[in-house]
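Below: one structure, written as structure tokens.
Letters go in sequence order (proteins before strands), and every chain restarts at 1. Since the model is a prediction, treat every value here as computed from it, not as a measurement.
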Amino acid sequence: MKLGVLIKDGPYMHQAMDSAYNFITAALEMGQEVEVFLYNDGVYNTCNFMDPPRDERHIANLLAELQTKGVRMVVCVAAGKRRGIVTNTVCSAGEISGLGQLLELCITSDRLVTF
Amino acid sequence: MEEQEKTKVMFLCRKAPYGTIFEQEAIEAMVMFGAYEQDISVTFMDDGVFSLKKGQDPSLLGKKNFSKTYMILKDDFEISHLYVEKESLEERGLTEDDLITEVEILDRGALRKKMDEMKAFIPF
């Protein structure tokens, strides 16, 4: 099964990315394929300059971990530009692309799950 | 080429306009989705119904009047249906006459049936 995951909230202020991370990790353990699209404030999760206190979870690093497990993470270019998440501020796990990718994900995934 | 079945996607607009960026970014996504020749519909429910109210003037907020976009979406961008939940209108003291554009008003049960047909939802 291919799962599309749409993330619409930013890091730390909201639980969305954390819940999505747990969901994706569990799905991968079950052998499912996952692709992520980050929209609205969700693009902030890929900010390369986040530097939380060391004893806290590091959300951009969690994304990097998902990437090493084969999860593609697309960052909306329009939402990103508005918020300063562009080529030189996005973390290496994030791939900047257009909203067409979200529709592609609607078409190609078996389920789209929004956080 | 074999004609592929269109994917049914529904946008859910549940937030009042202007206070957040949700409506604006939802419209951006609707415009983009409309270009891909799929079956795209939009549902306004909860405070989202305020997005369609007549007489909006957000110029003092430095924002565009997005309510005018929905007619264009339907006419020029291949958005197939604009649905409004009847109960959401009633709970807010609104009627069809308060709305800026022609929409299909459905009660919760009918809307739920439409939702059952969808492949994916994009909630805002």
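The side-chain heavy atoms of Arg83(A) and Ile21(B), taken from C-beta on, include a pair separated by under 4.5 Å.
Look at Glu25(B) and Lys8(A) and you find no salt bridge, because none of the NZ, NE, NH1 or NH2 atoms lies under 4.0 Å from a carboxylate O.
Proximity to chain B among residues 18-50 of chain A is limited to Tyr39(A), Asn40(A), judged by heavy-atom separations below 4.5 angstrom.
If you measure heavy-atom distances from Leu112(A) to chain B, the contacts under 4.5 Å come from the side chain alone. When heavy atoms are compared at a cutoff of 4.5 Å, Leu103(A) approaches chain B by way of both its backbone and its side chain. In this structure, chain A has a heavy atom under 4.5 Å from the backbone of Phe121(B), while its side chain stays farther away. With a threshold of 4.5 angstrom between heavy atoms, Arg82(A) approaches chain B through side-chain atoms but not through N, CA, C or O. With a 4.5 angstrom heavy-atom cutoff, Leu105(A) does not touch chain B via any of its atoms.
Crowding of Lys64(B) atom NZ: a count of heavy atoms from other residues, nucleotides or ligands under 6.0 Å not exceeding 12. For Lys69(A), the NZ atom sits in a packed shell: over 12 heavy atoms of surrounding residues, nucleotides or ligands are nearer than 6.0 Å. Surrounding NZ of Lys81(A) are at most 12 heavy atoms belonging to other residues, nucleotides or ligands under 6.0 Å away. For Arg111(A), the CZ atom counts as loosely surrounded, since its 6.0 Å shell holds 12 or fewer non-hydrogen atoms of other residues, nucleotides or ligands. Heavy-atom contacts from other residues, nucleotides or ligands closer than 6.0 Å to CZ of Arg112(B) number 12 or fewer. Counted within 6.0 Å of CD on Glu102(B), heavy atoms from surrounding residues, nucleotides or ligands total 12 or fewer; the atom is thus considered open.
For the residue pair Ile107(A) and Lys119(B), the shortest heavy atom distance occurs at O-NZ, 2.8 Å. Pro123(B) approaches Thr114(A) most closely through the heavy-atom pair CD-OG1, 3.5 Å.
Contact count against chain B (heavy-atom pairs under 4.5 Å) is highest for Cys106(A) among Ala79(A), Cys106(A), Gly4(A). Counting heavy-atom pairs closer than 4.5 Å to chain B, the top-ranked of the candidates Val113(A), Asp110(A), Leu6(A), Leu102(A) is Leu102(A).
Note: the hydrophobic cluster containing Ile72(B) also contains Met30(B) (ILVMFWY, side chain heavy atoms under 4.5 Å, direct or indirect links). The cluster map of Ile, Leu, Val, Met, Phe, Trp and Tyr, joined by side-chain heavy atoms under 4.5 Å apart, puts Phe33(B) and Leu82(B) in the same cluster. Under the 4.5 Å side-chain heavy-atom criterion for ILVMFWY residues, no single connected hydrophobic cluster contains both Val90(A) and Val86(A). Met10(B) and Ile105(B) fall into different hydrophobic clusters, where Ile, Leu, Val, Met, Phe, Trp and Tyr side chains are chained together by heavy-atom contacts under 4.5 Å. Tracing side-chain contacts under 4.5 Å through hydrophobic residues (I, L, V, M, F, W, Y), one never reaches Met45(B) starting from Ile100(B); they form parts of separate clusters.
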